[in-house]
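Structure first, commentary second.
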Amino acid sequence: MRSSEFGSNSFVVVANRLPVDLHTRADGSTEWVPSPGGLVSGLSPVLEKQQGCWVGWPGVADASPEPLRTDKDVLLHPVTLTARDYTEFYEGFSNATLWPLYHDLIVKPTYDHAWWETYRDVNQRFAEATASVAAEGATVWVQDYQLQLVPGLLREMRPDLRVGFFLHIPFPGADLFQQLPWREEILDGLLGADLLGFQLESGVQNFLEVASMLGRETAGEPATRAAAAQITTNSGRKVGVGAFPISIDTSPFEAADDGADSERSAPATQLRAALGNPETVLLGVDRLDYTKGILQRLEAYEELLANGTLDPSSVTFIQLATPSRERIDSYKATRSAVEEAVGRINGRFAELGRPVVHYQHRSVSKQTLRDYYRAADVMLVTPFKDGMNLVAKEFIACHGVRPGALVLSEFAGAACELEEAFLCNPFDKQSLRDQLARAVAETRDDPDAATARMRAMYEQVTTHDVDLWSRSFLSSFTGQHAAAQPVGERDDR
Ligand code: ADQ
């Protein structure tokens with residue numbers, strides 16, 4: 001590519017999805033609506049601050065909208081995916097091969113050579129789009145498992161760029177990764193970056209083992225918010241590797257005027273009144289994904305109602321489940337099982353007009369979500385495996401320093417930072433039941449202890465926000481590690 005063909009953007013984020021999706025209204029006109037998921041929640045504040053360019057898919061097959069600028073001055077540069085790309089690249093290789101493999105085989109991955117070809121083609125298209133918008137010497141930050149070949153492709157097209165890559169989901173152990181027929185190609189694609197970031201040190205460790213297993217030289221140890229480990233590529237280039245735990249933009253959650261600090265806000269109070277003012281409100285908020293353990297948490301709740309530990313007249317459970325990857329069989333099966341459980345539990349324990357489970361299969365606005373976080377007493381975040389889990393952090397930031405509790409899976413990345421949560425093993429029903437019962441009991445019987453836990457987690461989340469995440473990653477490019485807030489032992493696990 002000649003330098004006269006370079007773009008003008010000095011900071012470019014490349015992600016599978018744009019932060020907005022193109023929706024067609026009933027009358028045929030189109031509108032942009034926020035797209036779901038943790039990657040967008042994490043990255044939007046970073047790009048808005050940098051006024052950069054975001055390269056991504058607009059969420060609809062075959063759509064080719066013109067680039068547009070957001071009201072926060074971010075340039076959105078759409079990449080078109082065909083219906084076939086959607087099936088083979090997005091639903092297929094990304095979400096029926098890589099997603100289950102990287103989440104430790106909760107369902108069995110499918111290895112399909114045609115899907116792989118399409119994954120390669122689509123990565124090529126993302127790399128070309130990025131090369132066309134990036135200025136000479138620009139910083140390009142590639143996101144997540146759908147685009148693991150982009151760093152290598154970009155290095156071939158535009159060696160002038162500084163390329164970082166961040167993986168939002170866990171990176172599996174070498175014994176699992178070696179199942180992947182295209183393990184060499186994926187490793188080479190990733191090693192095209194100058195800096196590779198993972199959520200946790202365990203992900204860095206797994207990646208170093210994979211690189212070493214596939215014959216690359218590795219040096220250094222995993223560290224948090226620093227690229228203290230290095231891999232030497234076949235051409236002799238050094239690639240930095242580190243753990244950069246993602247977090248949230250806490251500012252919208254901290255507005256004291258709507259009651260985040262010590263009192264429940266008016267909308268949250270109204271929400272509880274609408275529920276019949278139960279003594280305890282439990283809350284789950286997830287994409288409807290089999291990794292999130294929604295069914296198992298409902299079953300644990302059901303068993304506590306059945307054995308008398310929880311009284312159906314004093315407790316209610318709200319489960320928000322955002323529709324996700326709805327055409328994939330394992331997602332259809334998960335939805336059916338969840339909805340069957342909701343019906344069964346209400347059938348067994350609800351009184352007229354007083355369901356014990358309120359289930360909503362839809363996205364809600366960020367403001368509504370904040371009202372739910374404030375209204376809830378006990379938040380249930382119980383994935384079998386999760387890179388980080390931003391919902392846990394959003395609840396902590398939003399609920400504030402008041403009695404409350406977080407029941408959190410040991411297998412969510414967030415468990416490394418939120419030690420005061422009621423940690424549970426979602427593979428073990430008894431662990432789920434015990435920790436849920438303990439959390440409810442503490443919020444009722446010992447509000448001081450519950451507040452102390454919430455305070456400790458609130459301080460952790462508000463001092464380790466998304467700004468620290470992006471600063472520490474981006475400054476590791478230049479070797480000047482961000483002056484992190486006090487990094488305690490909890491950061492080193
Ligand atoms: P996700 O698997 O999507 O993210 P998570 O981190 O919990 O999981 O983020 C979900 C986001 O969607 C949150 O910001 C939440 O507020 C929002 N959301 C969920 N349900 C909603 C609803 N019904 N209405 C409105 N908003 C809703 C992936 C990885 C995670 C990692 C993130 C970021 O799987 O492990 O934490 O990326 O790196």
Side-chain angles (χ1 to χ4, degrees), residues 16-17 35-38 59 61 83-112 114-115 118-119 144-146 168-170 172 176 179-180 282-303 306 317-348 355-364 380-387 389 391 409 411-412 424-429 431-433 436:
N16 174 49
R17 288 286 268 271
S35 72
R84 179 171 166 192
D85 296 334
Y86 183 76
T87 306
E88 298 191 354
F89 156 77
Y90 179 71
E91 295 183 325
F93 199 79
S94 297
N95 288 320
T97 304
L98 295 172
W99 179 268
L101 178 66
Y102 284 30
H103 286 88
D104 291 357
L105 314 186
I106 299 165
V107 306
K108 202 166 181 295
T110 301
Y111 299 116
D112 181 307
W115 291 358
T118 308
Y119 182 83
D144 229 1
Y145 61 103
Q146 303 93 346
H168 290 255
I169 66 174
L176 294 185
Q179 287 190 6
L180 194 61
L282 312 177
L283 177 65
V285 176
D286 313 79
R287 276 187 309 98
L288 211 165
D289 192 299
Y290 55 81
T291 60
K292 303 290 183 184
I294 301 170
L295 174 65
Q296 292 68 19
R297 96 176 56 125
L298 281 166
E299 289 172 349
Y301 174 57
E302 180 178 21
E303 285 161 21
F317 180 7
I318 306 171
Q319 176 65 56
L320 307 184
T322 313
S324 188
R325 306 171 194 169
E326 292 201 282
R327 300 197 314 179
I328 302 176
D329 286 345
S330 45
Y331 288 77
K332 285 186 195 156
T334 302
R335 180 177 174 191
S336 296
V338 163
E339 294 183 351
E340 187 187 318
V342 170
R344 186 185 62 239
I345 298 168
N346 276 328
R348 288 181 74 184
V356 289
V357 184
H358 296 259
Y359 168 75
Q360 295 184 356
H361 182 241
R362 73 191 84 122
S363 264
V364 299
L380 301 174
V381 177
T382 58
F384 292 118
K385 190 83 181 170
D386 216 332
N389 195 291
V391 166
S409 164
F411 304 108
C424 68
N425 173 0
F427 293 94
D428 175 11
K429 277 280 178 56
S431 164
L432 271 174
R433 279 198 308 268
L436 172 51

Report yes if the side chains of [X] and [Y] come closer than 4.5 Å at any heavy-atom pair, otherwise no.
X: Leu98; Y: Phe93; value: yes
X: Thr322; Y: Ser363; value: yes
X: Lys108; Y: Pro100; value: no
X: Leu101; Y: Gln179; value: yes
X: Val338; Y: Leu298; value: yes
X: Phe317; Y: Ile345; value: no
X: Leu436; Y: Leu282; value: yes
X: Ile294; Y: Gln319; value: yes

Between [X] and [Y], what is the shortest heavy-atom contact and its length?
X: Pro426; Y: Cys424; answer: CD-O, 3.5 Å
X: Ala337; Y: Leu295; answer: O-CD1, 3.6 Å
X: Ala61; Y: Tyr86; answer: CB-CB, 4.4 Å
X: Trp115; Y: Thr97; answer: CE3-OG1, 3.5 Å
X: Glu88; Y: Ala114; answer: OE1-O, 3.6 Å
X: Ser94; Y: Gln146; answer: OG-CG, 3.6 Å

Please check: side-chain N/O of [X] versus main-chain N/O of [Y], any donor-acceptor pairing under 3.5 Å?
X: Asp286; Y: Ala321; result: no
X: Asn425; Y: Leu432; result: no
X: Tyr102; Y: Gly387; result: no

At what distance, to the nearest 0.5 angstrom, does [atom1] of [X] lie from [atom2] of [Y]?
X: Arg335; Y: Leu288; atom1: CZ; atom2: CG; value: 7.5 Å
X: Asn16; Y: Phe89; atom1: CG; atom2: CZ; value: 4.5 Å
X: Ile318; Y: His358; atom1: CD1; atom2: NE2; value: 6.5 Å
X: Thr382; Y: Arg297; atom1: OG1; atom2: CZ; value: 3.5 Å
X: Glu326; Y: Lys332; atom1: CD; atom2: NZ; value: 9.5 Å

From the options Val391, Val285, Asp386, select the one residue that forms a side chain to side chain contact (heavy atoms under 4.5 Å, CB included) with Lys292.
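For Lys292, the side chain to side chain contact (heavy atoms under 4.5 Å, CB included) check succeeds only for Asp386.
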
Do you know which of Arg325, Arg84, Arg327 makes salt bridge (charged side-chain N to carboxylate O under 4.0 Å, His left out) with Glu91?
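Passing option: Arg327.
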
* Asked: Is it true that the side chains of Asp289 and Tyr331 contain a donor and an acceptor less than 3.5 Å apart?
  -> yes

Short side-chain donor-acceptor distance under 3.5 Å, Tyr119 and Asp112: no

- [ ] On the 0 to 90° scale, with breaks at 30° and 60°, tag the Trp99-His103 ring pair as parallel, tilted or perpendicular.
- [x] tilted

Given the options Glu299, Glu302, Glu303, Arg433 meets side chain to side chain donor-acceptor pair (under 3.5 Å) only with Glu303

